Structure formats: C-alpha cells, structure tokens
Amino acid sequence: MNNGTSVQTVQFTQQEIKEEAERLFSKLSHLDWTMDICLVYAPITLEINRLKKEKNAILLAHSYQTPDIVYGIADFVGDSYGLSKKAQETSSDVILFSGVVFMAETAKIINPTKTVLVPARDAGCSLSDSITGEDVKKLKARHPNAPVICYVNTSAEVKAESDICCTSANALKIVQSLPDKEIIFIPDQFMAQNIAKLTDKKIISWDGYCIVHKDFTGERVDEFRKAYPDLKILAHTECSPSVIDKVDLAGGTEDMVKYVKASDSKKFMLITECGLADRMRVEHSDKEFIGMCNLCPYMKKNNLLNILQALKNPKPEQIVTIPEETRKRAERSLQRMFELTSN
Ligand code: 13P
Ligand code: SF4
C-alpha cells in the first residue's frame with residue numbers, strides 16, 4: 001500500500017499485529033481479503049486507533065468508504081443524516097471525517113468548537129459543486145415566495161442561503177412539513193423529480209446531479225428483474241425517476257441498510273455506490289448482493305495513509321474552517337432540519 005505518503009508508525013509487537021490482522025480478517029474475508037493483506041494493513045489500523053485515543057478523536061465514516069476504513073478504524077458508519085447527528089452529539093475534541101468535504105463541513109457547522117479534519121481536501125461532490133450561494137440568491141429573487149430546501153450535499157455558503165436543509169433520509173418529510181405550495185429544492189434534479197411525484201406542491205429544481213447515480217437506467221432494472229425474478233431491488237433517490245419507478249425501495253443509504261436487515265429475501269441489488277453493497281456483504285453474509293453499482297471517485301479519495309497523516313500532523317487544508325457569519329446561517333438550516341426530524 002503506497003500512495004506516495006511515507007508514514008512512520010510506532011512499533012507494535014508481532015502478537016499485537018497478528019491479533020489486529022485476525023480482527024480485520026474476521027470482517028474482510030467476506031470480501032475475499034486474505035490474511036496476508038490484513039497483516040500488511042494491521043500496523044496502520046493499530047496506529048490510527050492508538051492515535052484516536054491519544055488525541056481524543058472520533059472517526060466518522062460514510063458507508064461508501066472502503067472496507068478497511070469501515071471495519072478497521074471507523075467509530076461510526078452511516079448515512080449523511082446519522083453522521084451529522086453523531087457529529088452533533090460527540091464529546092471528542094477532534095472529528096475526523098472519512099467521507100466528502102461537504103460532510104466534514106456539516107460537522108463543523110454544527111460543532112464549531114471541535115477540530116474537524118478531512119483527509120482529502122479534493123473529495124468534492126458533483127452535486128455540491130453544481131451550485132453556489134450566488135446561484136441560490138438569484139433563484140430566490142426569481143421565486144420570492146418559495147422557501148429553499150437544500151439537500152445536505154451542498155457547500156456551507158449554499159446552506160447559509162437556504163431556509164432548511166434535508167438529507168436523503170428525510171427529504172420528502174421536510175417538503176411536506178412546510179406550509180408553502182411552491183418550494184425551491186436544490187441542487188439534485190432527479191431527487192426533485194422523484195419528490196415532485198409524491199407531493200402536490202410545485203417543486204422548482206436546479207440542474208445538479210450525482211455522477212454516480214445518474215447513469216443507472218430503468219431498462220437495466222427490467223433486465224435484472226427478468227434474469228432474477230426473486231431479486232429485491234433498492235435504489236438511491238439520487239437516481240432518475242426511470243429507475244425509481246421500478247424498484248422495491250427508493251431511499252437513502254440507511255433506508256437500504258434497514259430494508260436489507262428486516263427482509264427475509266436472500267438476493268438484493270443496491271443501485272448506488274459500490275461501498276454499500278460491500279458493507280452489506282460483510283454484515284449479511286447469508287444474503288447475496290448482485291448487479292449494478294458505481295464507484296464515487298470523491299468518496300474513494302480517503303485511505304488509511306491520508307487518514308493516518310491527517311490525524312498525526314494535519315496540513316492546514318485538512319482542517320475545516322468556515323467563516324463565522326456563513327457558519328451561523330448554515331447552522332440555522334441544519335437545526336431546522338433536526339427540529340423537524342427529531343421524532
Ligand atoms: P446518504 O445520505 O443516503 O448516505 O447519501 C449520501 C450521498 O452522497 C449519496 O450519494
Ligand atoms: Fe456526491 Fe454522488 Fe459521490 Fe454522493 S456518490 S458524494 S452525491 S458524487
């Protein structure tokens with residue numbers, strides 16, 4: 001494992017390394033990782049876990065992260081909503097966010113006294129990058145009576161210009177909870193179209209999309225249904241309506257996790273980023289996960305070495321900072337979401 005970063009670790013005994021490799025192997029063998037590979041990774045996960053204790057740090061990881069992160073070093077793994085709740089509740093001094101930058105920014109917005117670290121500063125998101133705070137101001141000027149709901153996959157500036165935030169776990173609930181007949185929903189055009197089908201409200205959308213979810217098609221869903229009649233098909237609501245119309249569950253990643261856990265079915269297709277199916281293969285080794293998934297190049301920018309380096313000696317760009325005025329306004333949008341979804 002070499003990404004050009006040389007990282008010095010403390011010395012662990014052969015026994016400590018063997019036990020750590022066995023711990024990793026007990027999870028990662030479900031994904032065909034060998035004991036030899038786990039032995040290579042073990043000193044690094046040991047060192048990251050030691051440093052977390054030393055620095056009173058919590059490591060929050062999105063379900064799309066690689067399995068060595070999810071099962072080797074994460075303290076909590078989940079979706080955008082669950083991760084932001086954890087970030088809000090933690091008593092740790094440092095939050096290391098293994099996800100994309102907008103997620104780390106969200107943690108900083110709601111927990112400004114903590115040090116929030118992001119291993120890969122260039123872990124963007126095609127949705128977040130599709131819209132600026134200035135764009136939101138112009139939209140509001142064109143539709144002055146419509147409140148703005150922003151998907152959490154947005155920058156702090158966009159959250160600051162919005163009335164309320166939402167995640168994939170609660171987007172429809174937030175839309176329905178507002179009294180207004182007309183709503184600006186940004187920036188995901190597909191999520192906006194999917195919501196528009198479930199509400200009487202007029203949804204004004206933006207032209208953003210997720211590069212991971214936009215290419216899945218309803219035709220491919222039909223092909224898989226024909227080939228595997230007993231397959232349960234779950235899709236992320238960032239997919240287009242042509243997919244969403246044909247699946248057994250449309251939702252966020254945590255909705256899919258809950259569905260798989262509760263279901264008696266044995267065969268699933270998760271139409272989303274590939275990391276989620278890997279997580280499910282480890283956690284439900286009696287079930288089969290087949291078919292469509294894409295990799296998110298942003299999510300996959302994090303790895304054990306840049307996480308170790310960021311924990312040990314963060315570079316200035318790995319420490320999340322947000323101008324206080326922007327942070328306070330963005331926090332209002334997030335707090336409104338928490339208030340509306342707390343029960
Ligand atoms: P979830 O909140 O559903 O995990 O989605 C985050 C994301 O980036 C989906 O592409
Ligand atoms: Fe953004 Fe899509 Fe990657 Fe999620 S999967 S971080 S929405 S680009």
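Counting convention: from 1, in listed order, for ligands and their atoms alike. Here the structure is a predicted model, which is why all the values come from computation and not from measurement.
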For E238, the atoms of ligand 1 under 4.0 Å from one of its heavy atoms are 7 (C), 9 (C), 10 (O)

Short N or O distance, Y81 and ligand 1, threshold 3.5 Å exclusive: no

Cys pair C165, C150: SG separation below 2.5 Å: no

Quiz item: cation-pi between K232 and Y259, 6.0 Å / 45°: no

Any heavy atom of T167 under 4.0 Å from ligand 1? The part involved is neither

Distance filter under 4.0 Å to L127 heavy atoms, resulting ligand 2 atoms: 7 (S)

Run the side-chain hydrogen bond (donor to acceptor under 3.5 Å, both in side chains) test on S126 and D129 for me, step by step, so that the C-alpha distance in whole Å, both residues' side-chain angles and the decisive distance to 0.1 Å come before the verdict. CA-CA 5 Å; S126 62; D129 294 344; over 6 Å; no

With distance as the sole test, does S162 use its side chain to make a donor-acceptor pair with the main-chain N or O of I164 at under 3.5 Å? no

Top protein contact for atom 8 (O) of ligand 1, by heavy-atom distance: N153 ND2, 3.4 Å

Sub-4.0 Å atoms of ligand 1 with respect to non-hydrogen atoms of Y64: 7 (C), 9 (C), 10 (O)

Could you list which atoms of ligand 1 come closer than 4.0 Å to a heavy atom of D79? 1 (P), 2 (O), 4 (O)

Residue and atom name of the nearest protein heavy atom (relative to atom 2 (O) of ligand 1), distance in Å to one decimal: S80 OG, 2.8 Å

Closest protein heavy atom to atom 5 (O) of ligand 1, given as residue, atom name and distance to 0.1 Å: H236 NE2, 3.3 Å

Near S168 (heavy-atom distance under 4.0 Å), the atoms of ligand 1 are 1 (P), 2 (O), 3 (O)

Around atom 3 (Fe) of ligand 2, find the nearest protein heavy atom and jot down its residue, atom name and distance. C296 SG, 2.4 Å

Take the angle between the ring planes of H213 and Y64 and call it parallel below 30°, perpendicular above 60°, tilted in between. tilted

With respect to atom 1 (Fe) of ligand 2, please indicate if C210 possesses an N, O or S atom at a distance under 2.8 Å. no

More than 12 heavy atoms of other residues, nucleotides or ligands under 6.0 Å from NZ of K266: yes or no? yes

Note: ligand 2 atoms sitting under 4.0 Å from heavy atoms of N153 are 7 (S)

If you count the atoms of ligand 2 from 1 in the order shown, which ones are under 4.0 Å from a heavy atom of S126? 8 (S)

Heavy-atom distances under 4.0 Å are what count here, so tell me which part of E238 touches ligand 2: side chain, backbone, both or neither. side chain

Go through ligand 2 atom by atom and flag the ones less than 4.0 Å from a non-hydrogen atom of V212. 5 (S)

Answer yes if the ring centres of Y41 and W33 are under 6.0 angstrom apart, and no otherwise. yes

Value for CD1 (I48) from CG (L308), rounded to nearest 0.5 Å, stands at 5.0 Å

For G252, the atoms of ligand 1 under 4.0 Å from one of its heavy atoms are 3 (O)

Looking at atom 1 (Fe) of ligand 2, what's its closest protein heavy atom, distance included? C125 SG, 2.4 Å

Non-hydrogen atoms of N306 and A120 that approach each other most closely: ND2-CB, 4.2 Å

Whether Y228 and F224 hold their rings parallel, tilted or perpendicular, with breakpoints at 30° and 60°: parallel

Which value, rounded to the nearest 0.5 Å, describes the distance between Q65 atom CD and D278 atom CG? 12.0 Å

Tell me whether T199 contacts the main-chain N or O of I195 through its side chain, where contact means a donor paired with an acceptor under 3.5 Å. no

Does ligand 1 have an atom that lies less than 4.0 angstrom from a heavy atom of E273? no

Applying a strict 4.0 Å limit to heavy atoms, is E254 in contact with ligand 1? no

